[in-house]
Protein chains: 2
Amino acid sequence: MRDDNAKTSADTRSRILDAAEVLFMEHGFDGTSMRMITGSAGVNLAAVNYHFGTKELLIQEVFRRRLTDLNNARLVVLDQMEAEAGGAPLKPSRIVDAFFGTALRMAADVEGGGHTFMCLLGRTYTEPNEFVRKFLAEEYAECVERFLSALYRALPEVERKEILWRFHFMMGAMSYAIAGTDALQLVTGKFDDEHPSRLAPRLMSFLLGGLRAPLADFGSNP
Amino acid sequence: MRDDNAKTSADTRSRILDAAEVLFMEHGFDGTSMRMITGSAGVNLAAVNYHFGTKELLIQEVFRRRLTDLNNARLVVLDQMEAEAGGAPLKPSRIVDAFFGTALRMAADVEGGGHTFMCLLGRTYTEPNEFVRKFLAEEYAECVERFLSALYRALPEVERKEILWRFHFMMGAMSYAIAGTDALQLVTGKFDDEHPSRLAPRLMSFLLGGLRAPLADFGSNP
DNA sequence: GTCTATATAGAGATAGAC
DNA sequence: GTCTATCTCTATATAGAC
């Protein structure tokens, strides 16, 4: 940092994105006004519209800049594992780690903002706002398809629909584990003050237990 | 229903609550205006303030009227099981079913509005709005404490902190399973059109698998 | 690129007639 | 209890000077 008051023009964009990310996480999209964002970022109100056009486009850019990296990181790990395996199916635990572990490692990065972003992302999966959900779905499509395919091959004896459901359940458990910890904290009287990096091993063993659980009997009573 | 246009004064209150429940679920709290609610309920704009005071108090009442029943139903089942057991610890699977199964049965009630409410509730656990989170925490406190105590006694060999985390993970998986199904649906191309009642057995086996998963090794690297 | 000033729309809430 | 009309505040967005 060269000077407290030096706001280079290139910086303005990033300052807005950083401020928006935190405020969206704390107050939601509708609960965060442009004035809050520009005030927190220390830039002029008109700067948001100049750099991003509209508030909706700003929201998209907040997600895009981190989500691209996250999903690329996931795919890099998967590519590498599949190349090493040379056509043989992978171990389910390794697939789960490549997808969920990578996200948890991002969530453990408190200082770089990864934690803030993963909290925001977790909340946004169930976001009412339709354009956000659609945007997320598109950003995720390729990556999710790749991981589901890997799981299908890793667990050929399990019905595909069942794997799909369990992937969904795992997403839910992870999102809450990251975004919703505050909530239960209020109820039960805290998880002490554990650093987010402590979460990963606990969650991973829970996810794998759920994925490997014996199948229920669905045929009985419709 | 006696007449399409007959709005008895006692009805007005319920009509507002029913309309608000659906709209809050579809558009969130900030995304739902008083005008949307009164328009959908077919009542006058001023009626909300007359019957509930403020929008915040309306939100609280939407939750209170169903949450009281849900948590009472959970406690009734737990009380009965504990009475039958006469001091002996319960099976973890039965405790989980009393808490999560009861919620899933409410979520399977599409026509009576239980499904709508459970979607809304699932979203709200990670709601940014602080007063809503605090209100939920208070409404849940007693019930969660009772179920955690039951689990502590059922699993004396497992560290209490670990049980607390896994309860949290189960809450997350359930909330997403109910509220977030739309999201993954967009990504992966649908869960067909399964009725919500089909969800319960799938989720319950996942939750129990997670709860029983072997513990990870936490001591190694801090 | 950055700023001030403002246009326009919509929000929650209420006063007072009925 | 219900309605109309309206107050007040705040939101997003933009036009135009610098």
Side-chain angles (χ1 to χ4, degrees), chain A residues 2-63 127-132 135, chain B residues 1-63 65 127-132 135:
Chain A
R2 63 182 92 174
D3 184 311
D4 280 2
N5 289 339
K7 292 173 289 187
T8 64
S9 71
D11 245 11
T12 300
R13 231 185 105 93
S14 308
R15 293 168 63 91
I16 291 172
L17 288 170
D18 290 340
E21 189 171 69
V22 173
L23 289 168
F24 286 153
M25 193 267 281
E26 287 176 357
H27 306 106
F29 301 122
D30 291 331
T32 303
S33 70
M34 305 285 250
R35 284 165 177 81
M36 288 164 72
I37 295 169
T38 53
S40 164
V43 303
N44 187 272
L45 172 61
V48 174
N49 294 89
Y50 176 79
H51 284 281
F52 300 95
T54 66
K55 187 180 180 179
E56 284 206 351
L57 291 171
L58 168 63
I59 294 174
Q60 286 195 15
E61 186 57 23
V62 165
F63 283 101
E127 167 70 29
N129 199 319
E130 201 184 328
F131 100 92
V132 180
F135 171 75
Chain B
M1 237 174 270
R2 64 183 92 176
D3 187 311
D4 280 2
N5 288 339
K7 291 173 289 187
T8 65
S9 71
D11 245 12
T12 301
R13 230 186 105 93
S14 308
R15 293 167 64 89
I16 291 172
L17 288 171
D18 290 341
E21 189 172 67
V22 172
L23 289 168
F24 286 153
M25 193 268 281
E26 287 175 0
H27 307 105
F29 302 121
D30 291 330
T32 302
S33 69
M34 306 283 249
R35 284 163 178 81
M36 289 165 72
I37 295 168
T38 54
S40 163
V43 302
N44 187 271
L45 172 60
V48 175
N49 294 92
Y50 177 80
H51 284 280
F52 301 96
T54 66
K55 187 179 181 181
E56 284 206 351
L57 291 171
L58 169 63
I59 294 173
Q60 287 195 14
E61 186 57 23
V62 166
F63 284 101
R65 77 170 168 160
E127 166 70 30
N129 198 320
E130 201 184 328
F131 100 91
V132 181
F135 171 74

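Here is the naming used below: chain letters follow the sequence lines, and residue numbers restart at 1 for every chain.
- Partners of A:Phe131 according to the side-chain contact (heavy atoms from CB on, under 4.5 Å) rule, which considers only residues two or more places apart in sequence or in another chain, are A:Glu56, A:Ile59, A:Gln60, A:Asn129.
- We find the OG1-CE distance between A:Thr54 and A:Met34 to be 7.5 Å, quoted to the nearest 0.5 Å.
- Donor-acceptor pairing under 3.5 Å, judged by distance alone, is present between the side chain of B:Arg35 and the base of C:dG12.
- Look at CD1 on B:Ile37: it is 12 Å from C1' on C:dA11, rounded to the nearest Å.
- Atom-to-atom, NZ of A:Lys55 to P of D:dT14 comes out at 15 Å; the value is rounded to the nearest Å.
- Residue contacts shown for B:Ala47 are absent, as no nucleic acid heavy atom lies under 4.0 Å away.
- Candidate nucleotides C:dT14, C:dA11, C:dC3 were compared by shortest atom distance to the side chain of B:Ala46, and C:dT14 ranks first.
- Per the geometry, CZ belonging to B:Phe52 stands 13 Å off C1' belonging to D:dG1, to the nearest Å.
- Summarising the geometry, the separation between CE on A:Met34 and P on C:dA5 is reported as 19 Å, rounded to the nearest angstrom.
- For A:Asn44, a side-chain nitrogen or oxygen approaches OP1 or OP2 of C:dT4 to under 4.0 Å.
- Separating the CG atom of B:Leu57 from the P atom of C:dG12 is a distance of 14 Å, rounded to the nearest angstrom.
- When the P atom of D:dA11 is taken as reference, atom CE of A:Met36 falls 8 Å away, rounded to whole Å.
- Using a distance-only test at 3.5 Å, with no hydrogens or angles considered, no donor-acceptor pair links the side chain of A:Lys55 to the main chain of A:Asn49.
- Atom CG of A:Asp30 is separated from atom P of C:dG12 by 11 Å (rounded to the nearest Å).
- Residue order along DNA chain C, read from the 5' end via each residue's closest nucleotide, puts A:His51 first among A:Leu45 and A:His51.
- Taking B:Arg35 as the reference, nothing meets the salt bridge (Lys or Arg N to Asp or Glu O under 4.0 Å) condition, with sequence neighbours excluded.
- In terms of phosphate contacts, B:Ser33 brings no side-chain nitrogen or oxygen within less than 4.0 Å of OP1 or OP2 of C:dG10.
- With hydrogens and angles disregarded, no donor-acceptor distance shorter than 3.5 Å links the side chain of B:Ser40 to the backbone of B:Met36.
- For B:Asn49, whose side chain is taken as the heavy atoms from C-beta onward, the closest listed nucleotide among D:dA13, C:dT14, D:dT2 is C:dT14.
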Verdict with supporting geometry, A:Asp18 and A:Arg13, salt bridge (Lys or Arg N to Asp or Glu O under 4.0 Å) | CA-CA 9 Å; A:Asp18 290 340; A:Arg13 231 185 105 93; over 6 Å; no
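- Residue B:Thr38 is out of contact with every strand shown, counting any heavy-atom pair closer than 4.0 Å.
- With hydrogens and angles ignored, the 3.5 Å screen pairs no side-chain donor or acceptor of B:Thr38 with any backbone N or O of B:Asn44.
- Within residues 20-29 of chain A, no residue has any heavy atom closer than 4.0 Å to DNA chain D.
- Taking side-chain N and O atoms only, B:Thr12 has a distance below 4.0 Å to OP1 or OP2 of D:dT2.
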